[in-house]
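Here is the structure we will look at, set down as structure tokens.
A note on names: the letters A, B, ... follow the listed sequences, proteins ahead of strands, and every chain is numbered from 1. The figures that follow rest on heavy atoms only: side chains count, while hydrogens, waters and symmetry mates do not. Since this is a predicted model, take the numbers as computed values, not measurements.
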Amino acid sequence: MDLLCDLDELLIFFGLQMPDLHNEAKIRDSTILKIPLKFTESVTLSSLEPCDSTCMIAQWLGLKATPDYESGLDIDLLERLSFSAGSSQPDEAHMSIQSRSNPSDIPHMSDGQVWDQAFRNHSIHTCLMEMVLSLQQAVADHITQLATRHQQQDLVPEEQGHNQPIWGQEALLGRLMFQMVNHLQFGATGGQKFQPPCPSEDSKGDVRSREQAQVSKQIYKIFYQLTNFEDTSINYVLSNRGVETSALYHGSFQDYNTYQGNKYHEDKNTSGFINLGTSENKLCTDLLTERLSRSDMNYIDDDLLQYSDWRGQPFLREEVAQFLTYYCKAPAPLDPENVVVLNGCSSVFSALATVLCDPGEAFLVPTPTYSDFVFSAHLYAKVDLVPVDLESQVSDANTHPFQLTVDKLEQALLNAKLEGKKVRGLVLINPQNPLGHIYSQDSLMEYLEFAKKHSLHVIIDEIYMLSVFDESITFRSVLSMESLPDPNKTHMIWGTSKDFGISGFRFGTLYTHNKEVALAMSSFGYLHGISGITQYKLHRLLQDREWIDNVYLPTNHSRLQEAHRFITNELKSSKIPFLSHGSGLYVWISLRKYLDPCTFEEELLLHCRFLDKKLILSCGKTFMCKEPGWFRLVFAATPLLLKHAMQRFYTVLVEQEQDWVVKQLEDAINQEVEDLPASDASQSYSREVILTSGLEGCCSDLGL
Amino acid sequence: MFTLPQKESRKPTTCPGSVSTRGLHSIYGDGLEREAARKPDQKLLYGVGDPTAMFSSDSPHLSSRGSIIKWFWDSAEEGYRTYHMDEYDEDRNPGGIINLGTSENKLCFDLLSRRRPRSCVDVGDSAGPHCEGILREEVASFLSFYCKSPAPLKPENVVVLNGCASLFSALATVLCEVGEAFLIPAPYYGAITQHVYLYGNVRLVCVYLDSEVTGLETHPFQLTVDKLEMALQGAISEGVKVKGLILINPQNPLGDIYSPGELREYLEFAKRHALHVMVDEVYMLSVFEESVGYRSVLSLEGLPDPQKTHVMWATSKDFGMSGLRFGTLYTENQDVATAVASLCRYHGLSGFVQYQMAQLLRDRDWINQVYLPENHARLKAAHTYVSEELRALGVPFLSHGAGFFIWVDLRKFLPEATFEEERLLWRRFLENKVLLSFGKAFECKEPGWFRLVFSDKAHRLRLGMQRIRQVLEGKSQVAEDPPSCQTQEPRGPHR
């Protein structure tokens, strides 16, 4: 064991960190890095400009980017886009850009002008995107309905013959919609804004490679995405859902690997990415490593190597039942038969959604919420999440920010019904992620009563239940309640990823009073099983109550508290509003005042700025937050790392402020410049001069 | 005797008798009985599995697919649980059930556990920062060597998941739309039905094989291209869209292997119809008879359609580590590899298990010089013992020197050639404390076939064979305590 010299490797080995579950090296090699940088040189763009890549594509295609071109962004344009994307060889792509971006193709304007002009109209693009998205939703619903009907018709073989062409059409329609959305999506914001919230440990997807200038990156990214989708859609190897799965993956996980490839390390790589986006507790790896190295962990016997009960080894399920009885303060001992053990909470949620809902049905979920559930609900189960939008504003009905009330639940449920959605359940996270809230026992009871009234299932994720580090706060698990309104429809999820910081172990568990649900879930043991030896280690870990109570939890809580204090002091001193309630591994911060205008586009741009400075945070959009400008910052990291991270954080915010001033000036200047009949060269010259002087001015204004 | 009603009364009231009353007929290949009844004279060539048709009772708590999934569990797991409640143990429970139903290799734990400590010693000498990358490299080099591939296999074509079940599920999801189907020669390892259905909602079209040798066939249960064609056409005529063909090689439960010539024919067939071929080679190193001449599909020069040929392997069988949950896919198709890898988040295995697997696979000396020779010798000895016993009993069987099982023909012990009688015989075995898998669980269309697993320790085998003999010779003694089992369906899901 001591021979494992690399810390990362050690952590992965002990299951303290996520292993590369995605077998990702090949994707890393074959995609990002291979597109020649050359072709970024052929397009000259102002690096100040945020990127609206559709305009760039338009440019390459030689489209005249007049303000009304967007309205012409129709099938014709999409076809041309696909055509240009069809050249899957980067070199060919390169050729085609060069030829198309030749200024002579765009007779009236310089590249920069086209760019600028088009960029101003980006909101039209957004509208279009939203329209297409709703169209896609409509088509998807239609197909789901048809599919349900097919299934019924399958019972009558005679009726099937004539369904074939319809199936084909549906598949084609679905594929086309999918392609369109992707083209637009990656055109819109370099692939981020309109994606389903990123699926990973909260925010892996937020990572963008910022190795190169922002603009050049955007270019090759778009090309990569377009060529890639064209590839997958012309070869009919994969099913539609296969294509979609790959695409979601590319959109979300690929960048995580960029981070993995360039992680911050206090000695070896001080300029690497600092990840305060992924909610992992890295404060107690020393304790866990020590505990997991003890000799009792290395036990192996025949049983561990053989097939076991698919619900999880009996010894582990018993241990989990006892563990939860003790730490959740259950009024009566919990029953091991009600425990299902799978390889992670995402798997538990995915399987649970499958057995509780049919495709197209929905769960209510208060937002902002942990984005992984959105992904997990969609990926296999095809279950929708209906957001119950919460507001930061405190009002009569809202005694604290983002408060969940039964009224809001009722309203959301009603709206969903009006839209024809069949809602089967309510998803709650307690302690809340990303808000760090805890639901009081009374409110919890209200929510449960609400669910009972509408005969909804309630899925409660209590994965942070032992990460309540502020002693003045009393967390009450749903399992501690004396009498549940509807025990047969109350399902609790827990795992060791957060509370023990061992996400690499891949362990998640369900506790349900409903035997039927437990049995149906058991079938998924085949697909989400955990190694016998891992189960054994977990069993030993959970069994060691003395170590947990006397060593681990006190240390973990005091370290969390310390890190939390550091971060909150920093935020207070820089007057950044935040929410935090003494639980969880993160604070929910508001950076609204840095956004102008306060839109999700600007939120994303700020997010990209953080990435440029190698700092990863999760933006509110990925949590389905309906107000732009919120970010989640994970503080469960070492003091040194936090200090570095905060330096980067401030640098970005200062830049953001400066740029805001610059933008104001620029707008004013552009007004003037437009009146001057100057040549391109002198225009940019004059601009530069004015900008520079403007900057100096504003810097002194800001006291920098 | 076993009492059915007793069991019935213990069933949850929410699904009234759904599983047990339907009994045999409710196994997913139900089409078989229906079809057979409809055309009694016509030979049954194929059957389209349809899990949704099997189960209609709605649960107040589960979705309709959830009810089907639960039904799978009830029918699949309960038999296994029966065994777990009364497991044989030499000292503690000598009267317990001997499990000759689950296909596991219990002969080599000593070798494996002796090797294990060494794994910690060679940790780190060449291990890089990402053991996963290393694991894929190790898998590629391992498969290149043991599959005798003409050119080295590439790590980027390898995807690692937590077992072959997950691989089947993932492939079904990324290759098929909901309701589409794969062809599979039957009898086959029955749990695949569930694997492709759970998330994928994909069905299996059985290509029924016969024990009788007719026409140009050379051996029982032979798979021919004609049969494949007919099943495919039949499925198409019923409006079922077939996307691929599943082959298990060495075959489970037949213990057969496909010759390179046959394999190529099947692959050509698939290519003609633009079908994917998924080859499950999970028993590839458990070919204990040298003379058999097993060839992996990865060893073939010039595959007809390499972009649609996907090979699966795992350590569950060949290294007797089914509890470790390690399965791997090799495919040259990057779209498929990427799409399957996209699902890894839900089917991942712990970092340290990945690490240990890499260590194990790299230990070529131990595998070649210690493990494989010893494992093969032990398998062969056990096989010899069981086949001699069967011969002495006058029981016909099929076995070809591969796998952990013998496919036993007990048709002459059935008073009537029905699956009910097959079930009754199986029940008599269980009452006499020996667990076997019956043919219906493998979608065999002829009642009376059983799969008998021989890869167990000598004393257990001896006792198991003794109990089988007692049943077949009609000397079966009803156990003093009636079995406490809740149900009687061993679906043989644990291959």
Side-chain angles (χ1 to χ4, degrees), chain A residues 1 3-6 8-9 12-13 15 19-23 25-27 147 150-151 155 157 160-161 163-164 232 237-242 245-246 249 300 302 304-308 343 346-347 350 355-358 380 488 504-506 514 516-517 519-520 522-523 526-527 529 531-532 534, chain B residues 52-53 59 61-66 69-70 72-73 104 109 113 116 120 123-124 129-130 132-133 136 156 159-160 162-163 165-166 169 173-179 195 198-199 238-239 321-325 333 335-336 338-339 341-342 344-355 494:
Chain A
M1 211 102 324
L3 293 169
L4 281 166
C5 48
D6 188 301
D8 287 340
E9 191 186 334
I12 291 167
F13 181 82
D20 178 0
L21 292 174
H22 314 290
N23 299 284
K26 65 170 190 283
I27 299 168
H150 288 323
Q151 276 178 358
L155 304 176
Q160 284 195 343
N163 281 334
Q164 280 310 106
T232 43
V237 166
L238 298 179
S239 60
N240 288 326
R241 51 188 179 174
T245 305
S246 292
Y249 176 81
I300 298 262
D302 301 7
L304 300 181
L305 294 180
Q306 298 279 275
Y307 289 119
S308 75
N343 67 342
S346 309
S347 300
S350 171
V355 304
L356 298 183
C357 298
D358 281 315
Y380 273 130
N488 268 320
F505 253 73
R506 315 304 308 128
N514 189 322
E516 241 183 302
V517 172
L519 288 179
S522 308
S523 284
Y526 283 107
L527 307 184
S531 291
T534 308
Chain B
T52 51
S59 149
H61 300 125
L62 300 177
S63 60
S64 43
R65 61 180 171 186
I69 288 164
K70 177 173 175 294
F72 267 121
W73 173 260
E104 284 183 311
F109 288 130
S113 54
R116 288 207 151 266
C120 281
V123 158
H130 296 291
E132 314 73 37
R136 281 189 293 116
E156 60 265 33
V159 184
V160 172
N162 65 342
S166 300
S169 170
T173 305
V174 306
L175 298 181
C176 298
E177 309 298 344
V178 168
H195 301 160
L198 285 182
Y199 277 135
E238 287 189 27
M321 300 192 297
S322 42
L324 216 68
R325 313 313 301 137
N333 190 315
D335 289 329
V336 174
T338 307
S342 309
C344 283
R345 177 169 173 67
Y346 295 86
H347 311 286
L349 51 165
S350 325
F352 64 83
V353 174
Q354 297 194 23
Y355 195 90
H494 304 275

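In this structure, the portions of A/D358 lying under 4.5 Å from any heavy atom of chain B include both its backbone and its side chain. For chain A, the nearby parts of B/Y199 are the backbone and the side chain; heavy atoms of each come within less than 4.5 Å. With a 4.5 Å cut-off on non-hydrogen atoms, A/L304 touches chain B through its backbone but not through its side chain.
Residues A/S246 and B/T338 bring no donor and acceptor atom of their side chains to less than 3.5 Å of each other. Between the side chains of B/R345 and A/S346, at least one donor N or O sits under 3.5 Å from an acceptor N or O.
Highest contact tally toward chain B, considering only A/S347, A/S522, A/G242, is held by A/S522 [criterion: heavy-atom pairs under 4.5 Å].
Scored by the side-chain hydrogen bond (donor to acceptor under 3.5 Å, both in side chains) test, A/S523 finds B/Q194 as partners (sequence neighbours excluded). Under the rule for a side-chain hydrogen bond (donor to acceptor under 3.5 Å, both in side chains), the partners of A/Y380 that lie at least two apart in sequence or sit in another chain are B/H347.
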